[in-house]
Amino acid sequence: MKDIKNFINGEYVTNVSGKTYEKRNPVDNSLIGTVHEAGKPEVDAAVAAAKAALKGPWGKLSVVERCAMLDAVVDEINRRFDDFLQAEIADTGKPVHLASHVDIPRGAANFKIFTDTIKNASTESFEMRTPDGKTARSYGVRVPRGVIAIICPWNLPLLLMTWKCGPALACGNTVVVKPSEDTPSTATLLGEVMNKVGLPKGVYNVVNGYGVDSAGAFLTAHPDVNGITFTGETRTGTAIMKAGADGIRPVSLELGGKNAALVFADCDFDNAIATVTRSCFENAGQVCLGTERVYVQRPIFDKFVAALKEKAETMKPGRPFDPDTKIGPLVSKKHQAKVLGMYAKAKEEGANIVFGGGIPDMPAELKDGCWVQPTIWTGLPETATVITEEIFGPCCHIQPFDTEEEVIAMVNNNRYGLATSIHTQDIGRAMRLANAIEVGLCWINSWFLRDLRTPFGGSKQSGIGREGGLHSLEFYTELRNVMVKY
Ligand code: NAD
């Protein structure tokens with residue numbers, strides 16, 4: 001049984017209030033451990049430690065020395081790969097092939113990409129003549145922003161946390177991380193890694209707990225936090241932006257989506273089916289970039305629906321380490337109830353259920369897990385709830401279309417603008433659509449293919465700001481201009 005504490009100033013600490021909550025395994029609802037919920041005193045202590053650490057040895061390291069320490073973090077995560085893997089799988093229930101190929105390796109790689117970036121980032125410099133005949137040269141200096149609050153969701157816990165922690169630390173900031181209440185383990189375990197590589201105390205801190213009236217809200221409201229970076233729901237992002245307004249603290253927001261896949265009759269059919277299967281069902285649909293709206297050109301509509309149904313039928317649910325398992329459970333009972341509520345809504349609004357729509361038949365020992373069936377609907381109008389609202393489950397609605405103009409209008413008629421994928425062999429059409437669809441990320445004949453040097457983020461209500469490569473420096477540093485007269 002795990003005892004999941006807070007990690008403050010280089011030490012694992014319990015909380016003043018003694019408040020704890022149970023963390024259960026989504027596979028079978030068994031108890032994994034007890035989490036110490038941080039209250040105001042713990043958040044205050046974590047922020048104070050992070051603020052003090054800015055002025056300590058951390059602030060005096062050269063960029064190269066700082067990056068060497070973070071490269072050692074990568075090595076240590078890889079050395080303890082199995083500990084991270086077990087912790088992530090216990091918290092989320094995701095299949096081992098996914099956690100071992102995506103979550104943990106990307107979780108480590110997120111440090112390396114930013115140590116490479118910061119070592120090679122340059123700034124501008126200009127020279128000019130002054131009115132009294134002298135010369136002046138101005139140049140830019142990137143300085144750390146200060147104490148960064150990192151608020152994370154539960155779907156890719158280590159990966160999404162280090163996507164923010166990596167650049168924040170590479171840029172010389174200190175951090176206080178608030179993992180999701182549902183997935184506290186890997187962020188907490190990372191504290192051991194930070195101590196092992198000799199990261200100065202207070203540079204990396206973790207406070208566990210919930211959002212409202214708990215660690216999340218206490219952290220984002222804290223006046224000594226200099227920037228807030230958040231990944232999660234759009235509604236929570238709104239609350240966080242309001243919290244950031246007090247004290248004029250900048251926010252970086254990676255929010256919800258209702259992503260569309262567009263499949264044209266001239267596509268490579270097998271590639272389109274394989275890609276859309278992944279984008280709808282991978283990680284049980286709990287991927288912000290995942291597809292929940294599929295638009296298929298009419299000549300191949302029936303064939304596409306039948307082929308995707310065939311793929312959904314092969315998505316065998318099961319234990320994470322069972323080699324036959326293709327799909328894991330949802331993360332929690334709360335999320336299972338939300339997704340099943342959406343399944344019921346689709347039925348009520350008149351959907352044709354092509355596949356799924358409920359809970360799979362599981363063996364007795366797994367019956368208490370948070371399972372839902374992969375689900376495919378057709379036949380709904382574009383105003384239906386499951387077409388307009390984010391579900392964050394393994395499901396999609398498939399809509400036929402005839403023309404480019406028609407499909408662009410349907411895809412853009414949504415408040416979100418995170419990602420899309422376009423399947424066609426006509427490169428001219430693909431590029432026209434990439435310009436026309438209102439999103440931050442567009443894939444052509446692919447999905448979730450990432451080059452970490454490129455900008456990542458959403459438009460419309462899917463977020464503010466871009467992270468990735470040099471773009472992360474916009475948030476994790478302040479650009480100061482220095483003017484020298486000589
Ligand atoms: P959530 O918004 O419910 O919670 C995210 C985090 O915010 C949690 O740690 C939670 O405790 C905290 N929180 C909640 N209320 C808060 C408050 N008032 N103040 C401070 N912190 C608060 O999101 P979730 O359910 O954990 O994650 C799923 C959502 O995340 C989906 O909407 C998904 O699309 C989105 N997401 C987006 C991206 C992206 O890159 N755009 C990536 C992954 C997930």
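FYI, side chains are in, hydrogens and waters are out, and symmetry mates aren't considered; it's all heavy atoms of this structure. Remember, it's 1-based here, ligands and their atoms both numbered in the order they're listed.
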The answer for which part of E390 has a heavy atom under 4.0 Å from ligand 1 is side chain
Q. Within the distance-only criterion (no hydrogens, no angle test), does the side chain of K23 pair as donor or acceptor with the backbone N or O of D91 below 3.5 angstrom?
A. yes
### F392 and W154 aromatic ring geometry - parallel, tilted or perpendicular at 30°/60° bounds
perpendicular
- Indicate whether the side chain of T20 and that of E37 have a donor and an acceptor atom separated by less than 3.5 Å. no
* When only distance counts, is T231 in polar contact with ligand 1, meaning an N/O pair under 3.5 Å? -> no
So for R235 against ligand 1, with non-hydrogen atoms under 4.0 Å, the contacting part is neither
Q. Can you find a non-hydrogen atom of P179 under 4.0 Å from ligand 1?
A. yes
Between R145 and F475, is NZ or CZ placed under 6.0 angstrom from the six-membered ring centre and within 45° of the ring axis?
yes
Ligand 1 and E181, any nitrogen or oxygen pair closer than 3.5 angstrom? yes
TODO: May I ask you to check if ligand 1 and S462 share an N or O to N or O distance below 3.5 Å?
DONE: no
> Is the Y210 to Y21 ring centre distance short of 6.0 Å?
Replying inline: yes
Taking the six-membered ring of W163 as reference, does the cationic atom of R106 (NZ for Lys, CZ for Arg) lie under 6.0 Å from its centre and within 45° of its axis?
yes
Salt bridge check, E474 against R142: does any charged N sit closer than 4.0 Å to a carboxylate O?
yes
What do you reckon, does C152 put a non-hydrogen atom under 4.0 Å from ligand 1? yes
inquiry  = Less than 3.5 Å apart, any donor N or O on the side chain of Y343 or Q373 sitting next to an acceptor on the other?
reply    = no
Report yes or no: does A217 have a heavy atom closer than 4.0 Å to ligand 1?
yes
Any heavy atom of F230 under 4.0 Å from ligand 1? The part involved is side chain
- Message: Quick check: W154 and ligand 1, any N/O pair under 3.5 Å apart?
- Response: yes
inquiry  = Please tell me if atom 4 (O) of ligand 1 is touched by the protein, where touching means a protein heavy-atom distance below 4.0 Å.
reply    = no
Any heavy atom of D182 under 4.0 Å from ligand 1? The part involved is neither
